[in-house]
Q: 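Okay, handing you the structure first.
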Amino acid sequence: MTDIRIALSDKAIAQLPAPEDGWYLARDTELKGFFVVVGKRKRTFTVHGDLRQRGRRASSIRGSIGDASELTTRAARAIAKEYLAQISKAQHPKARQDSRAEQGETDRNVAIAVTYPTETAIDVPRIVHIMKRRGSSRRPPHC
């Protein structure tokens, strides 16, 4: 199924049909870069933006906000606006989690970032995203 554009609401998301195989995107018409990934078993709020440095695209950031069954569309849209605002300021939205990890707090995403030495420049979520897109079930390479 191809991607669709709709005004995302709790009701509209509940009425989205499950794909026969794989997944598809339901993009929001109100907020650019905010969409729902609709899979067979669940629907996930996601945000996508381009991180720009010196006027050029440094990287493309795509991150999940949360499961549609656990978050309302209004709350997910507010979080997406914060993420997109940080991306527009050339800041990675997940960078705050790295600083919390140094203080001893644990989080699923932070645990991945902490396992690698700080002097290496490996973007683990990006590697995992690429591997998933290629259909690999292997774990990401270690330094």
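Values below: all heavy atoms of this structure, side chains included; hydrogens, waters and symmetry mates excluded.
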Q: Closest approach of G66 and L71, non-hydrogen atoms and distance?
A: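 Closest pair (atom of G66, atom of L71, distance): CA-CD1, 3.9 Å.
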Q: Just to verify, what does R74 make a side-chain contact (heavy atoms from CB on, under 4.5 Å) with, not counting sequence neighbours?
A: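 Partners of R74 by the side-chain contact (heavy atoms from CB on, under 4.5 Å) criterion, ordered by chain and then number, come out as T72.
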Q: CD1 of I65 to CD of E70: how many Å apart, nearest 0.5 Å?
A: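 Reported value, rounded in 0.5 Å steps: 13.5 Å.
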Q: Applying ring-ring contact (aromatic ring centres under 6.0 Å, His included), name anything that partners F45, two or more places apart in sequence or on another chain.
A: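 In terms of ring-ring contact (aromatic ring centres under 6.0 Å, His included), with neighbours along the sequence ignored, F45 is linked to F34.
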Q: Would you list the atom pairs, donor with acceptor, under 3.5 Å between side chains in residues 5-15 and any protein atom, with sequence neighbours excluded?
A:
unit_1: S9; atom_1: OG; unit_2: A12; atom_2: N; d: 3.1
unit_1: D10; atom_1: OD1; unit_2: T73; atom_2: N; d: 2.9
unit_1: D10; atom_1: OD1; unit_2: T73; atom_2: OG1; d: 2.6

Q: Which residue pairs satisfy the side chain to side chain donor-acceptor pair (under 3.5 Å) criterion with at least one member in residues 36-47, sequence neighbours excluded?
A: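 Pairs touching residues 36-47 that pass the test: none.
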Q: Do you know the tightest heavy-atom contact between G39 and W23?
A: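 Here G39 and W23 meet closest at CA-CB, 4.1 Å.
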Q: I'd like to know whether CD of E30 has more than 12 heavy-atom contacts from other residues, nucleotides or ligands below 6.0 angstrom.
A: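 More than 12 heavy atoms, drawn from other residues, nucleotides or ligands, come within 6.0 Å of this atom.
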Q: Taking side chain to side chain donor-acceptor pair (under 3.5 Å) as the test, write out the residues that go with R77, two or more places apart.
A: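 Partners of R77 by the side chain to side chain donor-acceptor pair (under 3.5 Å) criterion, ordered by chain and then number, come out as D28.
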Q: Is there any ring pair (Phe, Tyr, Trp, His ring centres under 6.0 Å) pair reaching into residues 46-77, and which pairs are they, with sequence neighbours excluded?
A: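 Ring pair (Phe, Tyr, Trp, His ring centres under 6.0 Å) check on residues 46-77 returns no pairs.
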Q: Could you check whether any side-chain heavy atom of L16 comes within less than 4.5 Å of a side-chain heavy atom of Y24, counting everything from C-beta outward?
A: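 They are in side-chain contact.
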Q: Identify the heavy atoms of L31 and A80 that sit nearest to each other, and give their distance.
A: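 Heavy atoms of L31 and A80 come nearest at CD2-CB, 4.0 Å.
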Q: Please enumerate all residues that pass side chain to side chain donor-acceptor pair (under 3.5 Å) together with S69, with sequence neighbours excluded.
A: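 Scan of S69 (side chain to side chain donor-acceptor pair (under 3.5 Å), adjacent residues dropped) gives D67.
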Q: Can you list every pair that meets ring pair (Phe, Tyr, Trp, His ring centres under 6.0 Å) and has a residue in residues 57-81, with sequence neighbours left out?
A: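 Pairs touching residues 57-81 that pass the test: none.
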Q: Atom CZ of R57 and atom CG of L51: how far apart are they, to the nearest 0.5 Å?
A: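 One finds 10.5 Å between CZ of R57 and CG of L51.
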Q: In Å, rounded to the nearest 0.5 Å, how long is the span from CG of L84 to CG of D50?
A: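 L84 atom CG to D50 atom CG measures 10.5 Å (nearest 0.5 Å).
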